[in-house]
*Asks:* 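This structure is in structure tokens; I'll ask about it shortly.
Note on naming: letters A, B, ... go to the chains in the order of the sequence lines (proteins, then strands), and numbering restarts at 1 for each one.
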There are 2 protein chains.
Amino acid sequence: MSAKDVQLDPVDIAILRELQKDGRIANKDLAAAVGIAPSTCVDRVARLRRTGVITGYTAQISPEAIGRPIQALLTVQVQPHARPLVDPFVVHVRSLPETLSVHHVAGPDDFVVHVACGSSQDLQRLVLDRFTSRPEVARLQTHLIFSTWNGGPLSPYPPQDPAAPRR
Amino acid sequence: MSAKDVQLDPVDIAILRELQKDGRIANKDLAAAVGIAPSTCVDRVARLRRTGVITGYTAQISPEAIGRPIQALLTVQVQPHARPLVDPFVVHVRSLPETLSVHHVAGPDDFVVHVACGSSQDLQRLVLDRFTSRPEVARLQTHLIFSTWNGGPLSPYPPQDPAAPRR
DNA sequence: TGTGAAATTAGCCCGTC
DNA sequence: GACGGGCTAATTTCACA
């Protein structure tokens, strides 16, 4: 089953909302929050996990607390004919300890890389030594991050039909 | 205590690594993975939570699985003198159900907004009706996301001194 | 502060509706 | 598919080193 074919009912949506707010909520409390029996809740969560709606659980870490107070978004354009170098570029970027995420995008730029560094000096070294020195990098812009807000829990779209069959 | 003052020893670092890989790992297994007793592990994790190193736990959801297969990064420039409008803009963007995150940045643009939509048509409507129609938005570029890679677990910087006092 | 053991609690696998 | 019971296993608390 492809994850995109999964039908979600209102209970599933409530479960996803709660698990995004607190990924370690006890099954008992989760069941109470969404109004079903704990045993049923185990089934629901297991199915959401199995069908790929829930891809995993993670602890959120404060970058500042672990010595990485400087964050930036790097927009990168690669050379027009650097296609054979694109995959190695992604591998390279992912291997950097400063890398939080890499997006391959269409638009004015080709890649957007989110990084977290120990200082502005480290950011400078990262940009110069790990990015602009590479031949496939044609242009790079640094967007220093002042502050970040995360959105609310991601809710399904379009609004699910409560009467829709589960699958 | 400020989170940035927290000193982390190698055991803490190992705990953070494991909890980023699997935020719902059982305390018993976590303790075994990092080589301490389960009861000690409870204390360690509680302290990391209390001191702000761990800011929370969350379930990772597949946007495709909940009907939001189209993701984009929107780079936004605001009008030079729109300062009084900046905070309302952030509030507005955060209130959109499509918004995953908002970054206030320095550089060529002022904001970078990560959104997930149900279709390219929805993205179009989002950009036109929720962004470019607002007076404080001077310029917007859409970077459609082809694919995303997440980096490995975020590790502390600089490498912690094993002999360093905890606090 | 870390550890080990006891008491409490939650999670999981049944059967039944 | 949802629910409740009963067993297993985990978490938490406490006294001690």
Side-chain angles (χ1 to χ4, degrees), chain A residues 1-60 65-66 156 160-167, chain B residues 1 3 5-60 65-66 156 160-167:
Chain A
M1 164 188 281
S2 170
K4 67 179 180 180
D5 297 328
V6 177
Q7 289 300 317
L8 303 172
D9 69 13
V11 172
D12 290 317
I13 295 169
I15 289 173
L16 293 177
R17 174 168 35 82
E18 295 300 320
L19 284 178
Q20 285 180 88
K21 288 197 303 189
D22 178 8
R24 289 206 78 147
I25 185 174
N27 179 70
K28 182 193 65 152
D29 297 330
L30 177 59
V34 304
I36 59 177
S39 53
T40 306
C41 195
V42 171
D43 283 348
R44 290 285 193 140
V45 174
R47 182 174 54 216
L48 290 170
R49 186 78 163 90
R50 179 164 35 84
T51 55
V53 178
I54 297 172
T55 59
Y57 300 91
T58 187
Q60 297 169 309
I66 58 174
Q160 301 287 314
D161 179 358
R166 173 165 305 283
R167 56 181 76 185
Chain B
M1 162 189 282
D5 298 328
V6 178
Q7 289 300 318
L8 303 172
D9 68 13
V11 172
D12 291 317
I13 295 170
I15 288 173
L16 293 177
R17 175 168 35 82
E18 296 298 322
L19 283 178
Q20 285 180 89
K21 288 196 304 187
D22 178 8
R24 287 207 80 147
I25 185 175
N27 179 70
K28 182 194 66 145
D29 297 331
L30 177 59
V34 303
I36 58 178
S39 51
T40 307
C41 195
V42 172
D43 283 348
R44 290 285 194 139
V45 174
R47 182 174 55 215
L48 290 170
R49 186 78 163 89
R50 180 164 34 83
T51 55
V53 178
I54 296 173
T55 58
Y57 301 91
T58 187
Q60 297 168 309
I66 58 173
Q160 301 287 315
D161 179 357
R166 173 169 304 285
R167 55 181 79 185

*Asks:* Would you tabulate the nitrogen or oxygen pairs shorter than 3.5 Å linking the protein to nucleotides 7-10 of chain C?
*Replies:*
from	atom 1	to	atom 2	distance (Å)
C:dA10	OP1	A:Lys28	NZ	2.5

*Asks:* For B:Leu30 and D:dT12, give me the distance from atom CG to atom C1', rounded to whole Å.
*Replies:*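 Atom CG in B:Leu30 sits about 15 Å away from atom C1' in D:dT12.
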*Asks:* What residues from residues 16-25 of chain A pass a heavy-atom cutoff of under 4.0 Å to DNA chain D?
*Replies:* none
*Asks:* Quick check: closest heavy atoms across A:Tyr57 and A:Arg49, and the distance to 0.1 Å?
*Replies:* CE1-NE, 4.0 Å
*Asks:* Rounded to the nearest 0.5 Å, how far apart are CG of B:Leu30 and CZ of B:Arg17?
*Replies:*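 One gets 10.0 Å once the value is rounded to the nearest 0.5 Å.
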*Asks:* In whole Å, what is the span from the CG atom of A:Asp9 to the P atom of D:dG1?
*Replies:*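 One finds 11 Å between P of D:dG1 and CG of A:Asp9, rounded.
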*Asks:* By nearest atom, which of the nucleotides C:dT3, C:dG2, D:dT12 is closest to the B:Val42 side chain?
*Replies:*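 Side chain of B:Val42 sits closest to D:dT12.
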*Asks:* Does OP1 or OP2 of D:dA2 have a side-chain N or O of A:Arg44 closer than 4.0 Å?
*Replies:*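 For D:dA2, OP1/OP2 do have a side-chain N/O of A:Arg44 under 4.0 Å.
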*Asks:* Sort me out a list of protein N/O and nucleotides 14-17 of chain C N/O pairs below 3.5 Å, or just none if empty.
*Replies:*
none

*Asks:* Nearest 0.5 Å please: distance from the CG atom of B:Asp9 over to the CZ atom of B:Arg44.
*Replies:* 4.0 Å
*Asks:* Please name all residues satisfying side chain to side chain contact (heavy atoms under 4.5 Å, CB included) with B:Asn27, sequence neighbours left out, ordered by chain then number.
*Replies:* B:Pro38, B:Cys41, B:Val42
*Asks:* Going by side chain to side chain contact (heavy atoms under 4.5 Å, CB included), name the residues that satisfy it together with A:Ala37, two or more places apart in sequence or in a different chain.
*Replies:*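 If we apply the side chain to side chain contact (heavy atoms under 4.5 Å, CB included) test to A:Ala37, skipping adjacent residues, the hits are A:Ser39, A:Thr40.
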*Asks:* In whole Å, what is the span from the CZ atom of B:Arg47 to the C1' atom of C:dG2?
*Replies:* 11 Å
*Asks:* Quick check on side chain to side chain contact (heavy atoms under 4.5 Å, CB included): which of A:Ile15, A:Leu48, A:Thr51 does A:Leu8 satisfy it with?
*Replies:* A:Leu48
*Asks:* Rounded to the nearest 0.5 Å, how far does CZ of B:Arg47 lie from CD1 of B:Ile54?
*Replies:*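 One gets 11.0 Å once the value is rounded to the nearest 0.5 Å.
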*Asks:* If you check every side-chain atom of B:Thr40, which of D:dG1, D:dG4, C:dT3 has the closest atom?
*Replies:* C:dT3
*Asks:* Do side-chain atoms of B:Thr58 reach the backbone of A:Gly23 as a donor and acceptor pair under 3.5 angstrom?
*Replies:*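 Not confirmed, B:Thr58 side chain does not pair with A:Gly23 backbone.
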*Asks:* Per the salt bridge (Lys or Arg N to Asp or Glu O under 4.0 Å) rule, what does the pair list look like for residues 21-39 of chain B, sequence neighbours excluded?
*Replies:*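 Qualifying pairs: B:Glu18-B:Lys21.
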*Asks:* For the helix from C:dT1-D:dA17 to C:dC17-D:dG1, figure out the bend between the end axes, five pairs an end, and round to 10 degrees.
*Replies:* 30°
